[in-house]
Amino acid sequence: MSIIRDPYTYLLGEFAELVCRALADFCPSLALNDVLHIIEEPPRREYGDLSLPMYRLLKYCKVDLSKFANAVRNISLNKIFMELKIVNDYLNVRINTAEYAKVIINAVRGDGANYGLIPDDRKLNIVIEFVSANPVHPLHIGSGRNAVLGDFLARLFEVKGHNVQRRYYINDLGRQVATLVYGYMRLGMPTPPEDVRPDIWFGLIYAVTNTIIDILRLRKELSNAGKNDPEAYVKQLELDELIMTLSELRSRNKELVDRLLDNISRDSDPDKNVEELMMRYESGDPKAVSLFRFVVAKVLSGIQETLRRLNVRFDKWDWESDLVFNGMVRNVLELARKSNYFILYKGAPALDFSSLQHDPDIKKSLKLPKSINIPPLILMRSDGTSLYVTRDIAYTIMKFNDSRADLVINVIANEQTLAQAQLRLALYALGFKEEAVRTIHFSYELVNLPGVKMSGRRGRYVSVDEVLDNLEYMVEEIMRSRGSTVSNEVKKVISVGAFKYMMLASSPNKVINFDANEALNLNRNSAPYLQYTYARTCGVLNKYGRDLEWDLIDYSAANVEPRRELLYHIGKFPYIISKVATDLEPEILIVYLNRLADLFNSWYDQEPILKEVSEGIKQLKLFITYATNIILRNGLGIMGIDVLERI
RNA sequence: GGGCCCGUGGCCUAGCCAGGAAAAGGCACCGGCCUGCGGAGCCGGAGAUCCCGGGUUCAAAUCCCGGCGGGCCCGCCA
């Protein structure tokens, strides 16, 4: 007999088969999958362990419910089910826990430390592009959410046996980097200070430069406008706000801000100079290239430090500018010119999707929004420089070619839904139909600060590092209040875990309103709670100090609450992992692990494990502890959260 | 004007896609449990018009339509 690796799925299958066989005579069209679909868990355990609402069978065969009931009543139970009852038109079964425990125990015994991690049959090449934050300031918590989600997806697919490549798109051709470089030049290109993180230092230059440029532009507009310009009032308000922002920034580094203000004010047209810089860089001017690359690499080194702190790694760092330098962007433009969808829009080369976007088949396969009007996609500026989406088309093609990808997943904020739809349409229009279908936008919502709008341009954001620093401080405080100390290692594992948990605990398409007090709460329903529970299991297992005596386990002792419930939950882990991998919803895993920890802690308080006198029961209890231990480690592992043997 | 996402006790979150038995966790609040294998824990209590209005259905937090509220997008920005 081969070992069953996924007990719960096996259980569902057995139940469905039982039902199908019983109803085969008068309900021949009823498929196993239909029944599987209908099976649910009763709201309360008294009803049974699994339940089939019989009225839902009426969809498949129209006969009287009593006929179902009669047929079902005569089901001869196999050994894993021990009781069958019909209550309120529900067919409820009770599991023979002793038998089911055997299945679960064999599954855990067979897979050991890999319990629950069952590879898919087909091994895919999956590219995940994530973070890809503009290299102009430190990672803020929004990017932190992206990093944690992308890392979660990568770990999940790896566990499911796929070949995962993690890529970071270094967006160095945009106006943002050019603005930063411009500011750095105006500052006189000083050597970045050693004692400040480069992303923080350059991030300040970036915010200050942006704000000053905007102030100068507004001032010019105001002085040109007539006194009766109705917009003048609004502009004045905007200007006042910017000046406040600048004075806030000034409080961080007076000298730097004054110098920038002085030097940028002397420039008669900063906007034009920023654009000129962009052009020089894109055309490959060696001086511009070395300067841009220097600045970006510096900022990136800071970002990488944060990512290392989060234990998020990348396989490839893709420079956007390389796509222009190596001709790939030009190729895309040439392809576009030859395509049937090419038009000149307001004099600029563009793709027109009006004939494509309403085709129901295309809409469905490319997962386009129901009724949406996608405007023509302009591919090139009239000054000859490239645009973001054009470069992104080239990049996507490269991601497919580079790693023979079956799937490209882009972890990108919800605000880019339209742009991502445009990207897929453009790929389709240029003849990359397969690629278009296999490009997946994994969308997530932003992280908001209560009251303030986060803005990198204004230097207004909470960085990942600040949050982690605060979390570490909280951990220290808690330990101090208990009269003990904490190692750096423990402090780091707990704070990083708490951060990741926070980012994964709510559905990706929900906005997170970042509340510092809430975020620093290390109580239940958090990573530390799960880590603590894990450490508890380690404590017991270490104290026992030997391997389990699998053959001595007393299965019959499984049929006692709350062991029963706990075992049932343990048996569900592989099923949960599969579900998470299908739905790509981290919160499912979190809910499951919390419940497991709750059940374990509650049980732990009720029954001694090591003091159990019956050897068979003691081995069963050790098994429960061991399985909980493995599940917590594997579950947290997928979330990128480390565990500790001692806290 | 059009589109996307969200709305569940005071607060945060699961359940919604695949409708089904008395809506599930947590925080905060109230009351108990520390010489026991780890109290970052355990036991108990209180607290909900599932945003509103229609519709579909034997049955709606869940599906459909229309509102309301919040966030976001519709650029020769990224």
Side-chain angles (χ1 to χ4, degrees), chain A residues 37-38 40 42-44 46-47 51 53-56 58 87-90 92 132 134 171 173-177 320 345-350 368-375 378-392 413-419 421-422 443-446 448 453 475 478-479 482 494 502 505-513 515 517-518 521-526 528-533 535-544 583 585 587-588 590-592 594-595 597-598 600-612 621 625 646-647:
Chain A
H37 200 75
I38 299 171
E40 55 189 51
R44 273 176 308 288
E46 305 98 80
Y47 289 132
S51 176
M54 292 197 296
Y55 36 78
R56 293 191 67 178
L58 294 175
V87 186
N88 300 337
D89 293 333
Y90 287 84
N92 297 327
S132 301
N134 280 318
N171 211 301
L173 278 185
R175 180 178 286 271
Q176 283 140 321
V177 168
E320 184 181 33
Y345 184 70
K346 296 178 183 169
L368 301 180
K370 266 174 290 190
S371 55
I372 191 172
N373 253 325
I374 298 178
I378 292 173
L379 297 165
M380 201 175 83
R381 292 196 189 95
S382 38
D383 68 3
T385 55
S386 62
L387 285 162
Y388 172 79
V389 193
T390 316
R391 302 187 296 253
D392 206 16
N414 169 270
E415 59 188 356
Q416 297 220 41
T417 302
L418 187 71
Q422 259 176 337
S443 160
Y444 68 94
E445 270 293 355
L446 302 173
N448 284 336
K453 197 167 155 53
V475 173
I478 289 174
M479 294 307 260
R482 286 202 245 146
I494 293 178
M502 192 170 26
S506 50
S507 162
N509 50 21
K510 273 192 178 172
V511 175
I512 293 180
N513 287 309
D515 177 339
N517 295 324
E518 194 56 39
N521 188 335
L522 300 180
N523 287 329
R524 289 179 62 147
N525 241 0
S526 68
Y529 173 66
L530 298 176
Q531 285 166 325
Y532 168 77
T533 307
R536 234 181 185 181
T537 62
C538 288
V540 176
L541 295 171
N542 286 335
K543 188 146 192 170
Y544 180 63
D583 300 349
E585 290 173 356
E587 65 277 17
I588 298 174
I590 289 206
V591 167
Y592 170 84
N594 274 326
R595 171 106 179 108
D598 288 345
F600 179 82
N601 285 320
S602 173
W603 168 68
Y604 177 90
D605 222 59
Q606 284 176 52
E607 294 194 327
I609 300 165
L610 297 175
K611 286 181 186 154
E612 172 61 54
K621 289 177 172 179
T625 312
R646 298 170 60 86
I647 290 182

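Just so we're on the same page: letters track the sequence lines, and every chain starts at 1.
Applying the Watson-Crick and G-U wobble criteria (two distances, each under 3.5 Å), B:G19 pairs with nothing in any strand. Pairing for B:C27 is with B:G10, a Watson-Crick or G-U wobble pair whose two hydrogen-bonding atom distances lie under 3.5 Å. As the counterpart of B:C42, B:G32 is assigned, both hydrogen-bonding distances of the Watson-Crick or G-U wobble pattern falling under 3.5 Å. Nucleotide B:A61: unpaired (no Watson-Crick or G-U wobble partner with both distances less than 3.5 Å). In this structure B:C76 sits in no base pair that meets the Watson-Crick or G-U test at under 3.5 Å. Under the Watson-Crick or G-U wobble criterion, with both distances below 3.5 Å, B:C4 is paired with B:G71.
Residues A:Q176 and A:R44 each lie close to RNA chain B; by heavy-atom proximity, the contact nearer the 5' end of the strand is made by A:R44. Ranked by how close their nearest RNA chain B nucleotide is to the 5' end, A:S51 and A:A505 are led by A:A505.
When each of B:A14, B:G15, B:A21 is scored by its nearest atom to the side-chain atoms of A:P42, the top-ranked nucleotide is B:A21. Distances from the side chain of A:D583 to the nucleotides B:A18, B:A78, B:G39 place B:A18 closest. Comparing B:G38, B:A78, B:A21 by their closest approach to the side chain of A:P43 singles out B:A21. The side chain of A:S602 has B:C42 as its nearest neighbour among B:A21, B:C42, B:G15. Checked against B:G38, B:A21, B:A78, the side chain of A:R391 finds its nearest nucleotide in B:A78. Among the nucleotides B:A78, B:A21, B:G41, the one closest to the side chain of A:Y47 is B:A21. Across B:C37, B:C73, B:C5, the shortest atom-to-atom separation from the side chain of A:E415 is found for B:C73. Ranking B:C76, B:A14, B:G41 by closeness to the A:Y532 side chain, first place goes to B:G41. Taking every side-chain heavy atom of A:Y604 into account, B:C37 is the closest of B:A14, B:C37, B:A40.
Here the straight-line distance linking atom CG of A:N594 with atom CD of A:E587 works out to 12.5 Å at 0.5 Å rounding. The OG atom of A:S443 lies 7.0 Å from the CG atom of A:N509; values are rounded to the nearest 0.5 Å. One distance of note links CD1 of A:I378 with OG1 of A:T390; it measures 9.5 Å at 0.5 Å rounding.
The side chain of A:K510 places no N or O atom within less than 4.0 Å of a non-bridging phosphate oxygen (OP1 or OP2) of B:G71. A sub-4.0 Å separation between OP1 or OP2 of B:C72 and a side-chain N or O of A:Y444 is absent. Contact check, A:N509 against B:C6: a side-chain N or O comes under 4.0 Å of OP1 or OP2. An OP1 or OP2 oxygen of B:G39 is reached within less than 4.0 angstrom by no side-chain nitrogen or oxygen of A:R482. A close approach under 4.0 Å does not occur between any side-chain nitrogen or oxygen of A:Y345 and OP1 or OP2 of B:C76. Using a 4.0 Å cut-off, no side-chain N or O of A:R56 falls inside it from OP1 or OP2 of B:A59.
Atom CZ in A:R381 sits about 8 Å away from atom C1' in B:C77, given to the nearest Å. Note: CG (A:L173) to P (B:C76) measures 18 Å, nearest angstrom. Look at CD1 on A:I609: it is 14 Å from C1' on B:C42, rounded to the nearest Å. Here B:G38 presents its P atom at 20 Å from CD1 of A:I478, a figure rounded to the nearest Å. One atom, CZ of A:R646, and another, P of B:C37, lie 14 Å apart when rounded to the nearest Å. Atom C1' of nucleotide B:A21 and atom CE of A:M54 are separated by 13 Å, given to the nearest angstrom. For the pair A:D598 CG and B:A40 C1', the computed distance is 13 Å after rounding to whole Å. Separating the CD atom of A:Q416 from the P atom of B:G3 is a distance of 21 Å, rounded to the nearest angstrom.
Residue A:N171 is classed as a sugar-phosphate contact, given heavy-atom separations below 4.0 Å to backbone atoms only. Within the 4.0 angstrom heavy-atom criterion, base atoms lie near A:L610. Residue A:A535 is in base contact, counting any heavy-atom pair closer than 4.0 Å across all strands shown. Backbone-only contact: A:S507 has heavy atoms under 4.0 Å from sugar-phosphate atoms and none from a base. Within 4.0 Å of A:S382, counting heavy atoms only, lies at least one base atom of the nucleic acid. Using a 4.0 Å heavy-atom distance criterion, A:M479 is classed as a base contact. Across all strands shown, A:I590 has no heavy atoms under 4.0 Å from either base or sugar-phosphate atoms. Residue contacts shown for A:N542 are absent, as no nucleic acid heavy atom lies under 4.0 Å away. Within 4.0 Å (heavy atoms only), A:K611 reaches sugar-phosphate atoms of the nucleic acid but no base atom. Residue-level contact check: A:I588 touches neither bases nor backbone, having no heavy atom under 4.0 Å from any strand. Residue-level contact check: A:Q422 touches neither bases nor backbone, having no heavy atom under 4.0 Å from any strand. At a threshold of 4.0 angstrom between heavy atoms, the contacts of A:Y388 include nucleobase atoms, whether or not backbone atoms are also involved.
Under a 3.5 Å cut-off, the side chain of A:E320 and the backbone N or O of A:L173 do form a donor-acceptor pair. When atom types are taken as modelled, the side chain of A:R391 and the backbone of A:S386 share a donor-acceptor pair closer than 3.5 angstrom. At least one donor-acceptor pair under 3.5 Å links the side chain of A:N601 to the backbone N or O of A:A597.
In this entry the base of B:C34 is syn relative to its sugar, with a glycosidic angle within 90° of 0.
Under the side-chain contact (heavy atoms from CB on, under 4.5 Å) criterion, A:D605 pairs with no residue, sequence neighbours left out.
For B:A14, the base has no donor-acceptor partner in the side chain of A:S506 [N/O atoms by modelled type, under 3.5 angstrom]. If you check distances only, the side chain of A:R595 never reaches the base of B:A24 with a donor-acceptor pair under 3.5 Å. Side-chain atoms of A:D89 and base atoms of B:A59 include no donor and acceptor less than 3.5 Å apart.
Side-chain contact check for A:Y47 and A:R44: at least one donor-acceptor pair (N or O, by modelled atom type) lies under 3.5 Å. Using a 3.5 Å distance cut-off with no hydrogens or angles, the side chains of A:D598 and A:Y529 do pair a donor with an acceptor.
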Before you tell me yes or no, could you show the steps for A:K621 and A:E612 under salt bridge (Lys or Arg N to Asp or Glu O under 4.0 Å), namely the whole-Å CA-CA distance, both residues' side-chain angles and the distance that decides it to 0.1 Å?
CA-CA 9 Å; A:K621 289 177 172 179; A:E612 172 61 54; 2.7 Å; yes

Taking only nitrogen or oxygen atoms into account, show me every contact under 3.5 Å that the protein makes with nucleotides 29-33 of chain B, one pair per line with its distance.
none

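Spacing between B:U8 and B:C50 at atom P, rounded to whole Å, works out to 11 Å.
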